[in-house]
Amino acid sequence: MAVAGAVCRAAGEALVIEEIEVAAPKAYEVRIKVLCTSLCHSDLTYWKGLEGPRGVFPRIFGHEAVGMVESVGDNVVEVKEGDIVIPFFHPNCEECWDCKSNESNICSKFPFGGLGMPRDGTSRFTDSNGEIVHNFIKVSSFIEYTVVDICNLVKINPDFPLDKACLLSCGVPTGIGAAWKTAKVKKGSTVAIFGLGAIGFAVAEGARISGAAKIIGVDLNPEKFKIGSKFGVTDFINPKDCGNRPVNEVIKEMTHGGADYCFECVGLASLMNLAFTSCRNGSGKTIVLGVEMNGTPLSLGCYELLKGKTITGSIFGGIKAKTDIPLLARSYIDKELHLDDFITHEVNFEDINKAFDLLIQGKSLRCIIWMGRQSPSTMCIHQ
């Protein structure tokens with residue numbers, strides 16, 4: 001099947017829409033027509049270029065999307081042609097010990113990482129010269145049709161709004177899940193969030209739903225507080241305004257000893273350390289969501305550890321996609337979960353590079369990229 005795909009041929013280069021051949025799905029695979037997709041900061045990170053095998057090109061990025069099943073391979077029974085589905089990057093086979101366990105969302109049958117499809121490591125994309133175009137974290141949604149393994153796909157109600165469904169692929173579940181599943185934020189507790197991007201705001205939303213009494217946002221951009229208030233942020237700290245006072249001391253004063261839960265959503269070892277020293281002695285939890293952008297190891301003082309605090313990482317917010325994404329969708333329908341304000345812009349597929357520009361400039365949370373639908377060019381939803 002020959003379709004249009006947005007291909008990146010080298011790190012940092014603009015995406016070019018080319019004709020791409022998409023192979024038929026193999027066993028346990030599904031070919032879907034992408035209806036809309038969105039740009040996540042992880043796309044941007046890989047687009048800028050990484051060392052080693054993770055930094056391969058040419059590549060089709062994109063991993064937040066919603067689509068319609070076009071065809072299925074052998075042994076696929078969960079979905080059929082015409083079903084509306086959400087792809088996700090983090091496998092959920094539902095068969096291995098970890099997928100069946102309540103303690104983990106790290107699938108041991110198909111570990112996260114590696115190139116290509118999860119079962120054979122190959123790509124389903126070739127360009128007009130017959131050369132391989134690489135897959136991106138099991139999804140590759142910046143293309144009209146893509147092939148996804150059934151362990152990376154969940155069926156949803158066809159009446160669910162497409163643009164909101166797109167948000168449930170990665171960033172929003174990661175943040176909400178970190179508060180809901182990983183930290184298990186308690187009613188009346190205090191929360192501090194370091195970094196107010198889409199994931200940070202999703203953490204705030206998860207903490208709000210969980211009943212946190214005080215949600216403190218820490219960011220260098222004062223405009224983020226106005227946005228954050230929509231997601232439950234009650235207090236804002238700009239480190240520039242703290243003078244000579246360390247941010248952790250400010251948080252301890254605001255929370256009478258330290259936040260019950262701290263979330264690091266940027267990806268800096270120094271900020272992870274700051275978050276850890278900002279949480280309450282004896283019971284405080286620090287959850288790391290950001291991937292350290294400089295490869296710097298995390299160093300913690302042993303004395304801080306002996307104070308009874310804990311620190312843990314969280315991938316995909318502890319979400320088990322096949323069971324938890326439908327629950328999040330239901331929560332939105334029941335008007336418990338706020339999704340609308342995450343969408344700040346919309347563009348057509350041919351204008352996909354504008355979505356990159358908006359994210360690089362810090363102007364968007366999520367930009368919805370519509371496939372085959374005419375919408376005003378670079379429409380701004382929220383000023």
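Predicted model only: the values in this text are computed from it and were never measured. What's counted below: heavy atoms across the whole structure, side chains too, no hydrogens, waters or symmetry copies.
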### Arg119/Asp149 salt bridge by N-O under 4.0 Å criterion
yes

### Message
Any salt bridge linking Glu70 with Arg31? Criterion: basic side-chain nitrogen under 4.0 Å from a carboxylate oxygen.
### Response
yes

### Query
Are any of the side-chain nitrogens in Arg208 or Glu205 under 4.0 Å away from the carboxylate oxygens of its partner?
yes

### Task
Check whether any side-chain N or O of Arg280 sits under 3.5 Å from a backbone N or O of His256 as a donor-acceptor pair, and report yes or no.
yes

#### Entry: Short side-chain donor-acceptor distance under 3.5 Å, Ser331 and Glu336
yes

### Query
Is Lys186 salt-bridged to Asp260, going by a charged N under 4.0 Å from an acidic O?
no

### Query
Going by atom types alone, do Arg366 and Ser364 pair a side-chain donor with an acceptor below 3.5 Å?
no

### Query
Do Lys309 and Phe276 meet the cation-pi criteria used here (NZ or CZ under 6.0 Å from the six-membered ring centre, within 45° of the axis)?
yes

#### Entry: Ile132 atom CD1: more than 12 heavy-atom contacts under 6.0 Å
no

### Query
Any side-chain donor-acceptor pair under 3.5 Å between Thr190 and Thr255?
no

#### Entry: Leu162 reachable from Leu337 in the ILVMFWY side-chain graph, under 4.5 Å edges
yes

### Query
Taking the six-membered ring where the residue is Trp, are the ring centres of Phe61 and Phe136 under 6.0 Å apart?
yes

### Query
Is the shortest side-chain N to carboxylate O distance from Glu18 to Arg9 below 4.0 Å?
yes

### Ion pair Asp83/Lys80, N-O distance below 4.0 Å
yes

### Message
Let me confirm one number: the SG-CE distance from Cys265 to Met272, rounded to the nearest 0.5 Å.
### Response
10.0 Å

